[in-house]
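Data block below; observations after.
Hydrogens, waters and symmetry mates are skipped; everything else that's a heavy atom, side chains included, is used. Quick caveat: nothing in here was measured; it's all calculated off a predicted structure.
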Amino acid sequence: MQPSNTRDSAYHHKVVDCQYACPAHTPVPEYIRLIATGRYSDAYMVNWRANVFPGILGRICDRPCEPACRRCRVEASSGNKPEPVAICRLKRVAADMKDDIRARLPKPAASKNGKRVACVGGGPASLTVACDLAPLGYEVTVFEQDAKPGGFMRTQVPRFRLPEEVIDEECGYILDMGVEFVNNHRIDSMKALLAEGYDAVFVGSGAPRGSDLDVPGRQEAAANIHVGIDWLASVYFDHVKKVGKRVIVLGGGNTAMDCCRSARRLGGEDVKVIVRSGFEQMKASPWEKEDAMHEGIPIFNNHVPKSFVHENGRLTGMTFELVRSEYDAEGRRTLIPTGEPDAFFECDEVLIAVGQENAFPWIERDCGIEFDKWNLPKLDKRSLQSTQPKVFFGGDAAFGPKNIITAVAQGHEAAVSIDLLLSGGNVTQRPEPLTRYVSQKMGIHEWSYDNAVTLDARYKVPWIDPAKALKSINLEVEMGFDAATAWKEASRCLNCDVQTVFSTHLCIECDACVDICPMDCITMTQNGDEAELRQRLTAESKNTAQSLFISDVLKTQRVMVKDEDVCLHCGMCAERCPTGAWDMQKFRFDTAHAEQNNPAGKKGVA
């Protein structure tokens, strides 16, 4: 194997598992250390720079960072139940405990640059585009069909999960940057919008159409059958204030969990979730399923809807076929009937939450934007530019329903593209991420961060009393960590961004680092092909997706090999090394923003 090029930003970025898994590449360990030292405002700004909505995402993020957390692997290897650091809930701590940070946010541009950008939809993707472009002098107009910004964050996420004031605050930060917000305004024609002379258009209109279910009885009992995302919006706008006592929610995603928990608060006494797949295959996040069951909502899996049962148009129940899942060699699932009698459940109302679809009836098919067979726009996946060069897409409108953090990440990328296009650049030539290394050495064997590895289990976020919670659709259920618990949970972080940096010329091959490593992840051995070399390492090397560090050739013609997947980042190798061949250096990776296309227009976030 060739020596590892650790100065390639991609190398150590992949080692910081949580940040690498985050679509917006938020510097997770950095803000967790700031929280541990009580620097909540600084932690918030590190978050805000990457993901724009720390208070919102600290409550409702899909948390792709947490399954990637190195803490899971460490605890699993020791025989304990793997529990990641509560990254999402620590994000909320920064938002809840920060000072007034408005002075640290970008200011409206002192002068405009003459370029006009329209954003269709007021959700997270459009607001991120506006956040990045308005301070650079662009005249950004956000068109939203509802009265307030936020999109589905506001109208489809219940208030018991996400308070209204949090949405108002973080959307307000963006609008205060000189963004024109046009509310109660639905865009009905792309041609007409382009005719207004906008230099670029960003479509962040989401996936607004909920999938329906066409089985016998659907039309006859329609009065008591509702599409989930439409029903949640009706709850938000107070059009729906109560439900029947017996409610069935169909679907296994997060929308289904929001529907069932909302139904419990609106008078549903017997609320159940019924899903086609197995429990483990449900698309809902594990914690969303746990929260629903914590509130007494059972989940029935492997039930395929067969019919709505009604009497003279009044819904009385549903029948389901019982199935089991079989998978072929490529992992494709087939539902096989078990042959058992159909199941029947009584109900007064049914909420259908079986998926969402894109809907672009307002985009004329002769305006230069091409669509694929799934009715999604044909886009360059990196620039998000459509076949109409002026029009860009992001969020659920781009590639179908994902999540808020993906929408934010695509908003940043689209803003880079729009700025490149309107400044005469090439949208395919992207600015590089900002990276830097800073040694953490404070003395011969002292580091500027706490590298002690705590054995504490993950701390639970406190809830209000369930009986009290179920009495209000607006009362936030989770209370968040207090400062003391936040410090203890932050201490579980393994500081994966503090890298072990090795200098071959300083190594005397004393093997002290090999002896002291608690994970046995360092091996001095002869070089070889990767597959064969992995077999000779001291610790079993299971994850081939993560890199092996390979040093230059040492004096004995051996190489120093370290499995990046196993390393704890504890720094004991550097503490023990008598020559300083190992150093602990903090690696900071920040994704490129539109301002980097034009350094003179930098936003100056403090």
Side-chain angles (χ1 to χ4, degrees), residues 52-53 56 108-109 112-156 167-168 170-209 229-230 233 236-237 356 358-365 367-369 377 379 384-386 388-398 404 407-408 410-415 417-419 421-422 594:
V52 185
F53 304 106
I56 293 171
K112 300 296 184 181
N113 62 16
K115 303 292 185 180
R116 299 169 63 233
V117 178
C119 293
V120 181
S126 288
L127 292 174
T128 302
V129 171
C131 175
D132 286 358
L133 294 182
L136 300 182
Y138 290 94
E139 296 181 45
V140 182
T141 303
V142 176
F143 295 98
E144 168 57 46
Q145 67 179 1
D146 295 325
K148 301 174 93 174
F152 276 29
M153 297 188 297
R154 188 182 295 274
T155 58
Q156 265 74 34
I167 308 172
D168 290 341
E170 296 195 322
C171 292
Y173 289 155
I174 297 170
L175 299 188
D176 288 344
M177 295 175 194
V179 176
E180 181 183 5
F181 180 68
V182 181
N183 65 347
N184 299 316
H185 186 102
R186 182 194 295 270
I187 299 297
D188 294 319
S189 168
M190 177 61 79
K191 279 186 174 180
L193 187 63
L194 290 170
E196 293 183 31
Y198 287 99
D199 298 285
V201 173
F202 176 79
V203 180
S205 54
R209 178 186 295 160
I229 62 171
D230 297 336
Y236 169 73
F237 289 113
Q356 294 172 224
N358 291 78
F360 300 106
W362 57 279
I363 299 181
E364 297 86 353
R365 292 313 190 255
C367 70
I369 300 173
L379 306 175
L384 301 171
Q385 187 179 45
S386 72
Q388 157 52 272
K390 285 186 176 182
V391 180
F392 300 79
F393 287 72
D396 292 353
I404 297 170
V408 169
Q410 292 176 352
H412 285 313
E413 292 289 355
S417 300
I418 292 169
D419 185 55
L421 176 73
L422 301 187

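Inter-residue side-chain proximity for Ser417 and Leu384 is flagged as unmet; no heavy-atom pair is nearer than 4.5 Å. Glu139 has its side chain out of reach of Tyr198: every pair of non-hydrogen atoms, C-beta onward, lies at least 4.5 Å apart. At a threshold of 4.5 Å between non-hydrogen side-chain atoms, the residues Phe360 and Pro377 count as touching. Between Asn113 and Leu422 the shortest side-chain heavy-atom distance does not fall below 4.5 Å. Tyr173 has its side chain out of reach of Val52: every pair of non-hydrogen atoms, C-beta onward, lies at least 4.5 Å apart. Here the side chains of Lys390 and Val201 are not in contact, with every heavy-atom distance at 4.5 Å or above. The shortest side-chain heavy-atom distance between Asp132 and Ile418 does not fall under the 4.5 Å cut-off. Contact check for Pro124 versus Met153: side-chain heavy atoms found under the 4.5 Å cut-off.
Counting only distance, with no hydrogens or angles, the side chain of Gln410 and the backbone of Gly395 share a donor-acceptor pair below 3.5 Å. Looking only at distances, a side-chain donor or acceptor of Ser126 sits under 3.5 Å from a matching main-chain atom of Gly121. The closest donor-acceptor contact from the side chain of Arg154 to the backbone of Tyr236 lies at 3.5 Å or more, if one exists at all.
For the residue pair Asp199 / Tyr138, no side-chain donor-acceptor distance below 3.5 Å is found, with atom types taken as modelled.
In terms of heavy atoms, Gly206 sits closest to Asn358 at O-ND2, 3.7 Å. Counting all heavy atoms, side chain and backbone alike, Ala109 lies closest to Ala134 at CB-O, 3.7 Å. Residues Ala207 and Gln356 come closest through the heavy atom pair O-NE2, 3.1 Å. When every heavy atom of Gln388 is checked against every heavy atom of Cys367, the shortest pair comes out as NE2-O, 3.7 Å. Shown here for Asp419 and Ala594, the closest heavy-atom pair between the two residues is OD2-O, 3.2 Å. The minimum heavy-atom distance linking Arg209 with Ala359 is given by the pair NH2-CB, 3.7 Å.
Between atom CZ of residue Phe202 and atom CG of residue Leu127 there is a gap of 10.0 Å, rounded to the nearest 0.5 Å. Lys115 contributes atom NZ, which lies 14.0 Å from atom CG of Leu136 (distance to the nearest 0.5 angstrom). One distance of note links CD1 of Ile404 with CZ of Phe152; it measures 11.0 Å at 0.5 Å rounding. Atoms CH2 and OG, from Trp362 and Ser205 in turn, are 5.0 Å apart once rounded to the nearest 0.5 Å. Atom CD1 of residue Ile369 and atom CE of residue Met190 lie 4.0 Å apart, to the nearest 0.5 angstrom. Separating the CZ atom in Arg116 from the CD atom in Glu180 is a distance of 9.0 Å, to the nearest 0.5 Å.
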For side chain to side chain contact (heavy atoms under 4.5 Å, CB included), just list the numbers for Phe53 and Ile167, CA-CA rounded to whole Å, side-chain angles, deciding distance to a tenth of an Å, and then say yes or no. CA-CA 9 Å; Phe53 304 106; Ile167 308 172; over 6 Å; no
Using atom types as modelled, flag every donor-acceptor pair under 3.5 Å from a side chain in residues 142-150 to any protein atom, sequence neighbours excluded.
{"from": "Glu144", "atom 1": "OE1", "to": "Gly122", "atom 2": "N", "distance (Å)": "2.7"}
{"from": "Glu144", "atom 1": "OE2", "to": "Asp146", "atom 2": "N", "distance (Å)": "2.9"}
{"from": "Gln145", "atom 1": "OE1", "to": "Arg186", "atom 2": "NH1", "distance (Å)": "3.1"}
{"from": "Gln145", "atom 1": "OE1", "to": "Arg186", "atom 2": "NH2", "distance (Å)": "3.1"}
{"from": "Lys148", "atom 1": "NZ", "to": "Asp168", "atom 2": "OD1", "distance (Å)": "3.4"}
{"from": "Lys148", "atom 1": "NZ", "to": "Asp168", "atom 2": "OD2", "distance (Å)": "3.4"}

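Tested against Ile187 for a side-chain contact (heavy atoms from CB on, under 4.5 Å), the candidates Ile363, Val182, Leu193, Val203 yield a single pass: Leu193. For the side-chain contact (heavy atoms from CB on, under 4.5 Å) test with Gln385, the passing option among Leu379, Val391, Leu421 is Leu421; the others fail.
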